[in-house]
Amino acid sequence: MDLKSYLREKKEMIDGALEEFCPQPEGPAGVLAKAMRYSLFAGGKRLRPILCLAGASTVGDAEAEKAVLPVACAIEMIHTYSLIHDDLPAMDDDDMRRGKPTSHKVFGEAVAILAGDALLTEAFHLMTDEGSTRQLDPALLLRAINLIAASSGHLGMVGGQVVDIESEGKQVDPSLVEFIHTRKTGALIHASVSAGAMLGGGSRDEIKAIHLYGRKVGLAFQVADDILDRKGDSETMGKDAGSDERKGKITYPSVLGLERSEEIKRGLIREAIDALGNFDHRADPLRHIAQYISERNK
Ligand code: GRG
(Lines give C-alpha, C1' and ligand atoms only; values in the text may rest on other atoms or scores of the structure.)
Protein backbone atom coordinates (compact mmCIF):
# COMPACT_ATOMS: atom_id res chain seq x y z
CA MET A 1 0.00 0.00 0.00
CA ASP A 2 1.02 3.63 -0.54
CA LEU A 3 1.31 4.92 3.03
CA LYS A 4 1.83 8.53 1.97
CA SER A 5 -1.51 8.66 0.11
CA TYR A 6 -3.20 6.77 2.94
CA LEU A 7 -1.96 9.23 5.56
CA ARG A 8 -2.92 12.23 3.38
CA GLU A 9 -6.42 10.88 2.74
CA LYS A 10 -7.05 10.12 6.43
CA LYS A 11 -5.60 13.45 7.55
CA GLU A 12 -8.02 15.24 5.19
CA MET A 13 -10.90 13.22 6.61
CA ILE A 14 -9.90 14.11 10.16
CA ASP A 15 -9.26 17.78 9.36
CA GLY A 16 -12.72 18.04 7.80
CA ALA A 17 -14.35 16.45 10.83
CA LEU A 18 -12.36 18.60 13.27
CA GLU A 19 -13.49 21.68 11.36
CA GLU A 20 -17.06 20.59 11.98
CA PHE A 21 -16.59 19.53 15.62
CA CYS A 22 -14.43 22.37 16.94
CA PRO A 23 -16.38 25.41 18.18
CA GLN A 24 -16.37 28.58 16.08
CA PRO A 25 -14.83 31.80 17.47
CA GLU A 26 -18.07 33.65 18.09
CA GLY A 27 -19.46 35.77 20.90
CA PRO A 28 -17.71 37.24 23.95
CA ALA A 29 -15.63 34.08 24.55
CA GLY A 30 -14.55 33.94 20.88
CA VAL A 31 -10.85 34.21 21.70
CA LEU A 32 -11.03 30.80 23.36
CA ALA A 33 -12.24 29.01 20.22
CA LYS A 34 -9.71 31.05 18.23
CA ALA A 35 -6.89 29.73 20.44
CA MET A 36 -8.29 26.17 20.34
CA ARG A 37 -8.37 26.32 16.55
CA TYR A 38 -4.93 27.94 16.30
CA SER A 39 -3.29 24.90 17.88
CA LEU A 40 -5.66 22.29 16.48
CA PHE A 41 -5.02 23.42 12.90
CA ALA A 42 -1.31 24.18 13.26
CA GLY A 43 -0.28 21.26 11.04
CA GLY A 44 -0.13 18.17 13.26
CA LYS A 45 0.37 14.77 11.66
CA ARG A 46 -2.93 13.45 13.12
CA LEU A 47 -1.19 10.21 14.01
CA ARG A 48 -3.44 9.36 16.98
CA PRO A 49 -6.77 9.85 15.17
CA ILE A 50 -5.39 7.99 12.15
CA LEU A 51 -4.48 5.08 14.44
CA CYS A 52 -8.02 5.16 15.81
CA LEU A 53 -9.48 4.92 12.28
CA ALA A 54 -6.99 2.19 11.36
CA GLY A 55 -7.87 0.24 14.53
CA ALA A 56 -11.53 0.31 13.48
CA SER A 57 -10.93 -0.63 9.83
CA THR A 58 -8.64 -3.52 10.82
CA VAL A 59 -11.55 -5.25 12.55
CA GLY A 60 -14.49 -3.64 10.73
CA ASP A 61 -15.26 -1.88 7.46
CA ALA A 62 -15.31 1.63 5.97
CA GLU A 63 -18.55 2.38 7.84
CA ALA A 64 -16.87 1.44 11.15
CA GLU A 65 -14.09 3.84 10.31
CA LYS A 66 -16.52 6.69 9.64
CA ALA A 67 -18.44 5.96 12.84
CA VAL A 68 -15.34 6.39 15.02
CA LEU A 69 -14.46 9.80 13.55
CA PRO A 70 -15.83 11.79 16.53
CA VAL A 71 -13.76 9.69 18.93
CA ALA A 72 -10.68 10.05 16.71
CA CYS A 73 -11.16 13.84 16.67
CA ALA A 74 -11.67 13.93 20.43
CA ILE A 75 -8.32 12.16 20.86
CA GLU A 76 -6.63 14.80 18.69
CA MET A 77 -8.18 17.48 20.92
CA ILE A 78 -6.73 15.79 24.02
CA HIS A 79 -3.34 15.51 22.32
CA THR A 80 -3.43 19.19 21.31
CA TYR A 81 -4.34 20.25 24.86
CA SER A 82 -1.34 18.32 26.16
CA LEU A 83 0.98 20.06 23.72
CA ILE A 84 -0.33 23.53 24.62
CA HIS A 85 0.16 22.86 28.33
CA ASP A 86 3.50 21.14 27.81
CA ASP A 87 4.83 24.24 26.00
CA LEU A 88 3.91 26.64 28.85
CA PRO A 89 6.69 28.43 30.78
CA ALA A 90 5.81 26.36 33.87
CA MET A 91 6.55 23.18 31.94
CA ASP A 92 8.83 22.97 28.88
CA ASP A 93 8.78 26.70 28.10
CA ASP A 94 8.88 26.26 24.33
CA ASP A 95 8.43 29.07 21.81
CA MET A 96 7.78 26.99 18.72
CA ARG A 97 5.46 24.05 18.06
CA ARG A 98 4.45 22.53 14.73
CA GLY A 99 6.62 25.23 13.10
CA LYS A 100 4.58 28.09 14.60
CA PRO A 101 4.81 30.21 17.77
CA THR A 102 3.33 28.34 20.71
CA SER A 103 -0.13 29.20 22.00
CA HIS A 104 1.04 31.23 25.01
CA LYS A 105 3.35 33.27 22.74
CA VAL A 106 0.36 34.28 20.62
CA PHE A 107 -2.52 34.44 23.12
CA GLY A 108 -0.76 34.86 26.46
CA GLU A 109 -0.48 32.28 29.23
CA ALA A 110 -3.98 32.60 30.65
CA VAL A 111 -5.75 32.03 27.33
CA ALA A 112 -3.32 29.21 26.42
CA ILE A 113 -4.09 27.40 29.69
CA LEU A 114 -7.80 27.88 29.12
CA ALA A 115 -7.59 26.77 25.47
CA GLY A 116 -5.96 23.55 26.68
CA ASP A 117 -8.65 23.09 29.34
CA ALA A 118 -11.37 23.74 26.79
CA LEU A 119 -9.91 21.25 24.27
CA LEU A 120 -9.72 18.57 26.95
CA THR A 121 -13.31 19.10 28.07
CA GLU A 122 -14.59 19.51 24.50
CA ALA A 123 -13.16 16.09 23.73
CA PHE A 124 -15.43 14.48 26.33
CA HIS A 125 -18.36 16.65 25.27
CA LEU A 126 -17.89 15.38 21.71
CA MET A 127 -17.52 11.72 22.69
CA THR A 128 -20.73 11.88 24.71
CA ASP A 129 -22.70 13.82 22.11
CA GLU A 130 -25.64 11.64 21.06
CA GLY A 131 -25.88 13.17 17.60
CA SER A 132 -22.23 12.69 16.65
CA THR A 133 -21.87 9.20 18.11
CA ARG A 134 -25.25 7.70 17.20
CA GLN A 135 -23.64 5.03 14.98
CA LEU A 136 -21.62 3.65 17.90
CA ASP A 137 -22.71 1.00 20.38
CA PRO A 138 -23.28 2.89 23.68
CA ALA A 139 -21.73 0.16 25.87
CA LEU A 140 -18.60 -0.01 23.70
CA LEU A 141 -18.43 3.78 23.62
CA LEU A 142 -18.51 3.91 27.40
CA ARG A 143 -15.59 1.43 27.56
CA ALA A 144 -13.64 3.40 24.96
CA ILE A 145 -14.18 6.70 26.81
CA ASN A 146 -13.09 5.03 30.04
CA LEU A 147 -9.86 3.85 28.38
CA ILE A 148 -9.19 7.25 26.80
CA ALA A 149 -9.80 9.04 30.13
CA ALA A 150 -7.53 6.64 32.04
CA SER A 151 -4.80 7.01 29.41
CA SER A 152 -4.97 10.80 29.55
CA GLY A 153 -5.11 11.30 33.31
CA HIS A 154 -3.08 10.48 36.38
CA LEU A 155 -2.64 6.83 35.37
CA GLY A 156 -1.45 7.84 31.92
CA MET A 157 -0.26 11.02 30.22
CA VAL A 158 -0.50 13.40 33.17
CA GLY A 159 1.10 10.82 35.49
CA GLY A 160 3.98 10.34 33.06
CA GLN A 161 4.39 14.08 32.65
CA VAL A 162 4.70 14.66 36.41
CA VAL A 163 7.40 12.00 36.80
CA ASP A 164 9.13 13.40 33.72
CA ILE A 165 9.24 16.89 35.21
CA GLU A 166 10.35 15.66 38.63
CA SER A 167 13.14 13.55 37.14
CA GLU A 168 14.71 16.33 35.07
CA GLY A 169 18.45 16.64 35.65
CA LYS A 170 18.57 13.51 37.84
CA GLN A 171 20.32 10.16 37.34
CA VAL A 172 17.59 7.58 36.89
CA ASP A 173 17.19 3.86 36.40
CA PRO A 174 16.25 2.70 32.85
CA SER A 175 12.98 1.31 34.25
CA LEU A 176 11.92 4.85 35.17
CA VAL A 177 12.44 6.03 31.58
CA GLU A 178 10.08 3.29 30.46
CA PHE A 179 7.60 4.26 33.19
CA ILE A 180 7.61 7.86 31.96
CA HIS A 181 7.46 7.12 28.24
CA THR A 182 4.74 4.48 28.38
CA ARG A 183 2.54 6.93 30.25
CA LYS A 184 3.47 10.37 28.94
CA THR A 185 3.23 9.49 25.25
CA GLY A 186 2.55 5.77 24.93
CA ALA A 187 -0.75 5.66 26.79
CA LEU A 188 -2.73 7.96 24.47
CA ILE A 189 -1.31 6.29 21.36
CA HIS A 190 -2.25 2.88 22.78
CA ALA A 191 -5.74 4.16 23.66
CA SER A 192 -6.20 5.59 20.15
CA VAL A 193 -5.74 2.34 18.28
CA SER A 194 -7.40 0.22 21.00
CA ALA A 195 -10.48 2.46 21.14
CA GLY A 196 -10.77 2.18 17.35
CA ALA A 197 -10.62 -1.62 17.51
CA MET A 198 -13.14 -1.77 20.37
CA LEU A 199 -15.60 0.56 18.65
CA GLY A 200 -15.09 -1.15 15.30
CA GLY A 201 -16.53 -4.29 16.88
CA GLY A 202 -13.32 -6.30 17.25
CA SER A 203 -13.46 -9.72 18.90
CA ARG A 204 -11.74 -10.33 22.23
CA ASP A 205 -8.65 -11.79 20.53
CA GLU A 206 -8.50 -9.04 17.94
CA ILE A 207 -8.67 -6.34 20.60
CA LYS A 208 -6.02 -8.12 22.66
CA ALA A 209 -3.65 -8.20 19.67
CA ILE A 210 -4.29 -4.55 18.86
CA HIS A 211 -3.76 -3.61 22.53
CA LEU A 212 -0.33 -5.20 22.33
CA TYR A 213 0.42 -3.44 19.03
CA GLY A 214 -0.65 -0.13 20.64
CA ARG A 215 1.58 -0.59 23.67
CA LYS A 216 4.59 -1.34 21.51
CA VAL A 217 4.13 1.48 18.97
CA GLY A 218 3.24 3.91 21.78
CA LEU A 219 6.57 3.36 23.48
CA ALA A 220 8.43 3.17 20.15
CA PHE A 221 6.99 6.57 19.21
CA GLN A 222 8.60 8.25 22.20
CA VAL A 223 11.90 6.40 21.81
CA ALA A 224 11.92 7.59 18.17
CA ASP A 225 11.10 11.11 19.35
CA ASP A 226 14.03 11.04 21.78
CA ILE A 227 16.35 9.84 19.01
CA LEU A 228 15.01 12.54 16.66
CA ASP A 229 15.66 15.20 19.26
CA ARG A 230 19.32 14.10 19.26
CA LYS A 231 19.73 13.56 15.53
CA GLY A 232 16.92 15.52 13.86
CA ASP A 233 16.82 18.83 12.09
CA SER A 234 14.97 21.75 13.77
CA GLU A 235 13.52 23.08 10.51
CA THR A 236 12.06 19.74 9.42
CA MET A 237 10.67 19.03 12.90
CA GLY A 238 9.20 22.52 13.42
CA LYS A 239 10.69 22.67 16.93
CA ASP A 240 14.09 22.95 18.55
CA ALA A 241 16.35 19.90 18.10
CA GLY A 242 18.63 19.09 21.03
CA SER A 243 16.28 20.67 23.56
CA ASP A 244 15.93 17.47 25.63
CA GLU A 245 19.64 17.43 26.35
CA ARG A 246 19.78 21.15 27.18
CA LYS A 247 16.90 20.73 29.63
CA GLY A 248 18.40 17.64 31.28
CA LYS A 249 15.40 15.53 30.19
CA ILE A 250 15.19 11.83 30.90
CA THR A 251 15.33 10.18 27.49
CA TYR A 252 16.31 6.78 26.11
CA PRO A 253 19.52 8.15 24.53
CA SER A 254 20.49 10.01 27.73
CA VAL A 255 20.02 6.92 29.90
CA LEU A 256 20.92 4.07 27.51
CA GLY A 257 22.85 5.73 24.69
CA LEU A 258 21.90 6.28 21.08
CA GLU A 259 22.84 2.86 19.73
CA ARG A 260 20.91 0.92 22.37
CA SER A 261 17.93 3.27 21.90
CA GLU A 262 17.89 2.51 18.17
CA GLU A 263 17.93 -1.23 18.95
CA ILE A 264 15.09 -0.87 21.44
CA LYS A 265 13.03 1.10 18.92
CA ARG A 266 13.55 -1.50 16.19
CA GLY A 267 12.68 -4.31 18.63
CA LEU A 268 9.46 -2.60 19.67
CA ILE A 269 8.41 -2.06 16.05
CA ARG A 270 9.10 -5.73 15.29
CA GLU A 271 6.99 -6.81 18.27
CA ALA A 272 4.20 -4.44 17.22
CA ILE A 273 4.09 -5.89 13.71
CA ASP A 274 4.30 -9.46 15.07
CA ALA A 275 1.26 -8.76 17.26
CA LEU A 276 -0.75 -8.33 14.04
CA GLY A 277 0.26 -11.77 12.74
CA ASN A 278 -3.31 -13.15 12.66
CA PHE A 279 -4.82 -10.26 10.71
CA ASP A 280 -5.23 -10.12 6.94
CA HIS A 281 -4.48 -7.17 4.63
CA ARG A 282 -6.88 -4.96 6.56
CA ALA A 283 -4.11 -4.53 9.16
CA ASP A 284 -1.69 -3.23 6.51
CA PRO A 285 -2.20 0.42 7.51
CA LEU A 286 -1.24 -0.46 11.11
CA ARG A 287 1.82 -2.39 9.88
CA HIS A 288 2.96 0.51 7.69
CA ILE A 289 2.26 3.09 10.41
CA ALA A 290 4.53 1.13 12.78
CA GLN A 291 7.35 1.41 10.22
CA TYR A 292 6.59 5.08 9.71
CA ILE A 293 6.80 5.73 13.47
CA SER A 294 10.23 4.19 13.45
CA GLU A 295 11.50 6.06 10.39
CA ARG A 296 9.78 9.48 10.62
CA ASN A 297 11.90 12.63 10.54
CA LYS A 298 9.36 15.02 12.15
C1 GRG B 1 0.88 18.71 29.81
C2 GRG B 1 -0.76 17.00 30.63
C3 GRG B 1 0.41 17.32 29.87
C4 GRG B 1 1.02 16.34 29.25
C5 GRG B 1 2.11 16.55 28.33
C6 GRG B 1 2.41 14.51 25.48
C7 GRG B 1 3.05 15.36 26.50
C8 GRG B 1 2.59 15.23 27.87
C9 GRG B 1 3.97 16.24 26.23
C10 GRG B 1 4.46 16.45 24.89
C11 GRG B 1 5.92 16.61 25.00
C12 GRG B 1 6.52 16.05 23.84
C13 GRG B 1 6.94 16.98 22.76
C14 GRG B 1 6.68 14.75 23.78
C15 GRG B 1 7.28 14.13 22.65
C16 GRG B 1 6.36 13.22 21.94
C17 GRG B 1 5.22 13.95 21.44
C18 GRG B 1 3.97 13.82 22.16
C19 GRG B 1 5.37 14.64 20.33
C20 GRG B 1 4.29 15.36 19.69
O21 GRG B 1 3.44 14.44 19.05
P22 GRG B 1 3.37 14.38 17.46
O23 GRG B 1 4.73 14.21 16.88
O24 GRG B 1 2.90 15.86 17.17
O25 GRG B 1 2.34 13.38 17.07
P26 GRG B 1 1.98 16.46 16.03
O27 GRG B 1 2.32 17.92 16.05
O28 GRG B 1 2.30 15.81 14.71
O29 GRG B 1 0.58 16.20 16.46
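Order of listing sets the numbers, starting from 1, for every ligand and every atom in it. Quick caveat, the model's predicted, so the values are computed rather than measured.
Close N/O approach between Arg98 and ligand 1 is found [any backbone or side-chain N/O within under 3.5 Å]. For a threshold of 3.5 Å applied to N or O pairs, the pair formed by Lys45 and ligand 1 contains at least one separation below that value. By the 3.5 Å distance cut-off applied to N or O atoms, Lys184 is not counted among the residues near ligand 1. Inclusion of Arg97 in the set of residues having an N or O under 3.5 Å from an N or O of ligand 1 is not warranted.
Atoms of ligand 1 lying under 4.0 Å from any heavy atom of Gly44, numbered from 1 in the order shown and given with element: 26 (P), 27 (O), 28 (O), 29 (O). Residue Val158 approaches ligand 1 through these ligand atoms, each under 4.0 Å from one of its heavy atoms: 2 (C). In the vicinity of Asp225, heavy-atom distances shorter than 4.0 Å reach the ligand 1 atoms 15 (C), 16 (C). Applying the 4.0 Å criterion to heavy atoms of Ser82 picks out, from ligand 1, the atoms 1 (C), 4 (C), 5 (C), 6 (C). Near His85, the atoms of ligand 1 lying under 4.0 angstrom from a non-hydrogen atom of the residue are 1 (C).
A cation-pi arrangement is not found for Lys4 relative to Tyr292, the charged atom failing to lie both closer than 6.0 Å to the ring centre and inside a 45° cone about the ring normal.
At a threshold of 4.0 Å, the pair Lys247-Asp94 counts as salt-bridged, since one of the basic side-chain nitrogens sits closer than that to a carboxylate oxygen. Note on Arg48 versus Glu76: no salt bridge recorded, every NZ/NE/NH1/NH2 to OD/OE distance being 4.0 Å or above. Using a 4.0 Å cut-off between a side-chain N of Lys or Arg and a carboxylate O of Asp or Glu, Glu271 and Arg215 do not qualify as a salt bridge. With salt bridges taken as basic N to acidic carboxylate O contacts below 4.0 Å, none links Lys265 and Asp226. Remark: Asp92 engages Lys249 in a salt bridge, criterion side-chain N to carboxylate O under 4.0 Å.
Of the candidates Arg48, His181, Met157, Arg46, Arg48 brings a heavy atom nearest to atom 18 (C) of ligand 1.
Both the backbone and the side chain of Asp86 come within 4.0 Å of ligand 1, judged by heavy-atom distances.
Evaluation of the ring pair (Phe, Tyr, Trp, His ring centres under 6.0 Å) rule for Phe221 yields no partner, not counting sequence neighbours. For Phe179, there are no ring pair (Phe, Tyr, Trp, His ring centres under 6.0 Å) partners, not counting sequence neighbours.
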